[in-house]
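What you are looking at is a predicted structure, and each value in this text was computed from that prediction instead of being measured. By convention here, the first residue in the shown sequence is residue 1.
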Amino acid sequence: MITRFITDVSTRFNPFSARAKSARLFLSLLPPTARASGMNITTQLLPRTSTEPSTLYIKFKDGKEMNLDCESMGIKSIVEEVDRHSRALQKEADLAEA
C-alpha cells in the first residue's frame with residue numbers, strides 16, 4: 001500500500017465488533033514511521049455496546065478526501081481504493097520530476 005501521499009487518517013470503530021475488522025487491519029498496514037513522516041492518525045474507540053458503524057476517513061496531499069464504510073467494505077477493497085488514488089498521485093509526481 002502506498003502511504004506516501006496520505007496526510008490524515010481518522011477511524012471510529014468498536015474494537016470488539018467483528019465488523020470493525022477492516023478498520024483494524026487498515027491501521028495495522030500503516031508503516032511504523034507514518035507519524036514521523038507527517039501523517040496525522042486519530043483513532044476513536046467506541047464502547048462495547050455502541051451500535052455506530054465503523055468509519056475510516058482518509059485525506060491525501062492533493063486535498064482529496066475519502067470516507068469509507070468499513071462495515072460494508074473488506075480490507076482488500078479499502079486498500080484497492082486507497083492505492084488507486086495513490087498511484088495516480090505517484091504518476092503525477094514522477095512526471096513532475098522528469
Where do N14 and E52 land on the side chain to side chain contact (heavy atoms under 4.5 Å, CB included) test, with the steps shown first? CA-CA 8 Å; N14 176 355; E52 287 185 50; over 6 Å; no
Nearest heavy-atom pair of [X] and [Y]: which atoms, and what distance?
X: M73; Y: S22; answer: O-OG, 2.9 Å
X: S54; Y: E71; answer: N-OE2, 3.2 Å
X: M39; Y: T3; answer: CE-O, 3.7 Å
X: C70; Y: L56; answer: SG-CB, 3.5 Å
X: V9; Y: I6; answer: CG2-CG2, 3.6 Å
X: I41; Y: R35; answer: O-NH1, 3.2 Å

Does one hydrophobic cluster hold both M66 and V79, with members joined at side-chain heavy-atom distances below 4.5 Å? yes
Do the side chains of [Y] and [X] get nearer than 4.5 Å, heavy atoms only?
X: F13; Y: L45; value: yes
X: F26; Y: L68; value: no
X: L30; Y: M1; value: yes
X: K59; Y: N40; value: no

Is a side-chain donor or acceptor of [X] paired with a backbone partner of [Y] at a separation under 3.5 angstrom?
X: Q44; Y: R12; value: no
X: S28; Y: L25; value: yes
X: R48; Y: F16; value: no
X: S86; Y: I2; value: yes

I need the [X] [atom1] to [Y] [atom2] distance, nearest 0.5 Å.
X: R24; Y: L29; atom1: CZ; atom2: CG; answer: 13.0 Å
X: L89; Y: H85; atom1: CG; atom2: NE2; answer: 4.0 Å
X: E92; Y: D62; atom1: CD; atom2: CG; answer: 7.0 Å

Stepwise side chain to side chain contact (heavy atoms under 4.5 Å, CB included) check, D8 with E65: CA-CA 9 Å; D8 292 319; E65 299 175 359; over 6 Å; no
Given side chain to side chain contact (heavy atoms under 4.5 Å, CB included), test E80 with R84 step by step and report yes or no. CA-CA 6 Å; E80 184 179 303; R84 181 178 298 135; 3.2 Å; yes
